[in-house]
Amino acid sequence: METITNFLEMGGYAVYVWPSYLITAVVLIGALVSSIRFLKRNAETLKALQEEDKGEA
Amino acid sequence: MLHRFANPARFMRLSGVLLPWMAGAAIILVAAGLYMGLFVAPADFQQGESVRIMYVHVPNAWMALFSYTAMAVASAVALIWKHPLADLAAKSSAPIGACFTFLALLTGSLWGKPMWGAFWVWDARLTSMLVLFFLYLGYLALYNAFDDPTRGARAAAILALVGFVNVPIIKFSVDWWNTLHQPASVIKMGGPSIDSTMLWPLLLMAIGFNFLYFWVLLLRMRGEIHANKIRMIRLRQVHG
Amino acid sequence: MKRKHKRLVFVIIALVLLGGAVGLVMSAFEENIVFFHSPTDVVEKKIKIGKRLRLGGLVEEGSVERKGTRVMFRVTDLVNSIPVVYIGILPDLFREGQGVVTEGLIKDGVLEADEVLAKHDENYMPPEVADALKKSGKWDEMSGAVKRPGPGSGSGAKEEAK
């Protein structure tokens with residue numbers, strides 16, 4: 001238990017160390033998720049348009 | 001040679017094969033880097049535990065420069081050889097590069113406060129890094145500022161090339177002028193001045209971030225190729 | 001010449017010219033790009049009294065005196081040194097022999113600083129390694145830098161002394 005508290009305290013630098021890791025994780029995962037969504041949305045729109053095209057032809 | 005890989009259909013096939021490998025490598029390397037950096041690596045002799053900020057700050061900063069260099073090279077290829085995929089690569093590199101730059105500035109600030117005594121100083125390294133962030137934002141704004149996307153692409157590519165002079169300035173700022181930021185520890189003459197117990201987690205995180213960059217880049221490029229096709233079909237529908 | 005070759009040559013020439021122009025501008029404004037001046041700069045250039053100045057160097061060994069929150073110390077570049085007084089909280093890395101950047105006004109040869117920043121070098125190692133280096137005499141106590149063989153030798157000390 002004491003070792004966990006010690007670890008989380010980061011030698012008194014917890015307020016600087018943990019936000020650095022947390023914000024990096026949030027921003028990079030956010031960039032990844034938004035890129036996956038961007039690809040998915042475009043792939044779906046394209047598929048719908050191509051089927052519509054075929055239907056007309 | 002260039003044109004063999006440059007065909008969008010071929011790119012879709014190749015990137016589809018590469019994507020899961022990029023994702024796997026990024027996740028494994030970053031997980032290993034986090035474990036090594038937080039649990040295995042020792043505290044620093046003068047900075048104590050605060051040195052662990054290095055394992056996110058330095059990879060973010062390296063990737064900020066890497067993404068910009070990739071964006072500038074792709075922009076040059078797009079301008080000179082009029083290559084459509086190069087243009088998409090440059091455009092897709094910008095958002096993730098801007099994220100890395102923002103994170104390098106922010107984590108640097110969180111490291112600077114306890115060690116230097118200030119969140120921010122206007123020294124050559126920090127200022128040139130802030131300029132890099134504005135270059136990314138300017139690139140993205142310029143790309144979307146025109147009704148005709150090819151004109152936006154060309155204007156943004158020229159900005160990316162002009163802004164590239166900032167990259168060597170950032171790298172060598174700590175050698176050319178006296179700064180509050182310390183000189184390079186890893187990529188320097190005479191080998192790294194960082195203990196191997198700290199160098200390993202740093203390299204794992206950096207290579208992991210590199211794979212993350214290519215993961216996001218390929219996702220965005222695929223998305224952009226779809227977007228181009230959507231635009232073409234819609235144009236045909238309007239005119240046809 | 002094909003059009004793409006023309007464009008290639010044009011881009012290369014433009015980048016070289018741009019790089020040259022930026023280089024010239026930066027060398028012209030060097031005074032404004034440096035973050036701090038060394039004690040030798042201040043002594044030799046006789047910087048005007050009444051102008052704010054950043055002074056950087058090492059905290060001279062044995063020079064730190066504290067009276068409550070008031071701290072007095074000397075900043076040295078191993079050639080010249082200038083006394084500094086400061087009232088306030090010092091950064092964690094402020095130590096004798098450590099790099100420091102102070103900002104304020106010079107009055108009667110003393111820098112009255114309202115800001116003190118710590119500057120550390122590019123060496124990272126666990127405390128045990130640092131102790132071992134000190135014991136084996138491979139440690140330059142004055143500069144806080146590790147002496148290492150090869151072209152990068154004593155770069156910490158050199159950077160500070162510049």
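Since the model is a prediction, treat every value here as computed from it, not as a measurement. Order of the sequence lines fixes the chain letters, A, B, ..., with proteins taken first and strands second; residue numbering starts at 1 for each chain.
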Okay, Tyr16(A) and chain B: the region with an atom under 4.5 Å from a heavy atom over there is both
For Tyr136(B) and Cys99(B): C-alpha separation, side-chain torsions, deciding distance, then whether side-chain contact (heavy atoms from CB on, under 4.5 Å) applies. CA-CA 9 Å; Tyr136(B) 275 119; Cys99(B) 287; over 6 Å; no
Is there a salt bridge (charged side-chain N to carboxylate O under 4.0 Å, His left out) between Glu49(B) and Arg52(B) once you walk through the steps? CA-CA 6 Å; Glu49(B) 302 285 346; Arg52(B) 296 190 202 282; 2.8 Å; yes
Does any donor atom in the side chain of Ser93(B) or Tyr68(B) lie under 3.5 Å from an acceptor atom in the other side chain? no
Chain B interface, residue from Leu32(A), Ile23(A), Ile36(A) that has the most non-hydrogen pairs under 4.5 Å: Leu32(A)
When every non-hydrogen atom of Leu29(B) is compared with those of Phe211(B), the smallest separation belongs to CD1-CD1, 3.6 Å
Top of Gly48(B), Ala227(B), Pro95(B) for chain A proximity - count of heavy-atom pairs under 4.5 angstrom: Ala227(B)
Listing request: all salt bridge (Lys or Arg N to Asp or Glu O under 4.0 Å) pairs with a residue in residues 83-101 of chain B, at least two apart in sequence or in separate chains. Lys91(B)-Glu224(B)
With a sphere of 6.0 Å drawn around CZ of Phe146(B), does it hold more than 12 non-hydrogen atoms of other residues, nucleotides or ligands? yes
Those residues of residues 100-116 of chain B that come under 4.5 Å of chain A on a heavy-atom basis, listed by number, are Phe100(B), Phe102(B), Leu103(B), Leu106(B), Thr107(B), Leu110(B), Lys113(B), Pro114(B), Met115(B)
Nearest heavy-atom approach of Pro149(B) to Arg231(B) is CG-NH1, 4.4 Å
Chain A contacts, top residue of Ile53(B), Leu34(B), Ile225(B) (heavy-atom pairs, under 4.5 Å): Ile53(B)
Below 30° counts as parallel, above 60° as perpendicular, anything between as tilted: where do the rings of Phe66(B) and Tyr213(B) land? perpendicular
Could you tell me how the ring of Tyr21(A) sits relative to the ring of Trp18(A): parallel (under 30°), tilted (30 to 60°) or perpendicular (over 60°)? tilted
Heavy-atom pairs under 4.5 Å with chain B are the metric here; pick the option from Thr24(A), Val15(A), Val17(A) that has the most. Thr24(A)
Only pairs of heavy atoms separated by less than 4.5 Å count here; which of Val30(B), Leu38(B), Asn60(B) has the most with chain A? Leu38(B)
Chain A contact residues among residues 214-222 of chain B, heavy-atom distance under 4.5 Å: Trp215(B), Val216(B), Leu219(B), Arg220(B), Arg222(B)
ring-ring contact (aromatic ring centres under 6.0 Å, His included) with Tyr55(B): which residues, sequence neighbours excluded? none
Check against side-chain contact (heavy atoms from CB on, under 4.5 Å), Phe38(A) and Asn42(A): CA-CA 6 Å; Phe38(A) 169 70; Asn42(A) 284 351; 3.4 Å; yes
Only pairs of heavy atoms separated by less than 4.5 Å count here; which of Ala14(A), Ser20(A), Gly11(A) has the most with chain B? Ser20(A)
Return the minimal non-hydrogen interatomic distance between Asp123(B) and His181(B), and the atom names on each side. OD2-N, 3.0 Å
Distance col, row Leu212(B):CG vs Phe209(B):CZ, nearest 0.5 angstrom, shows 7.0 Å
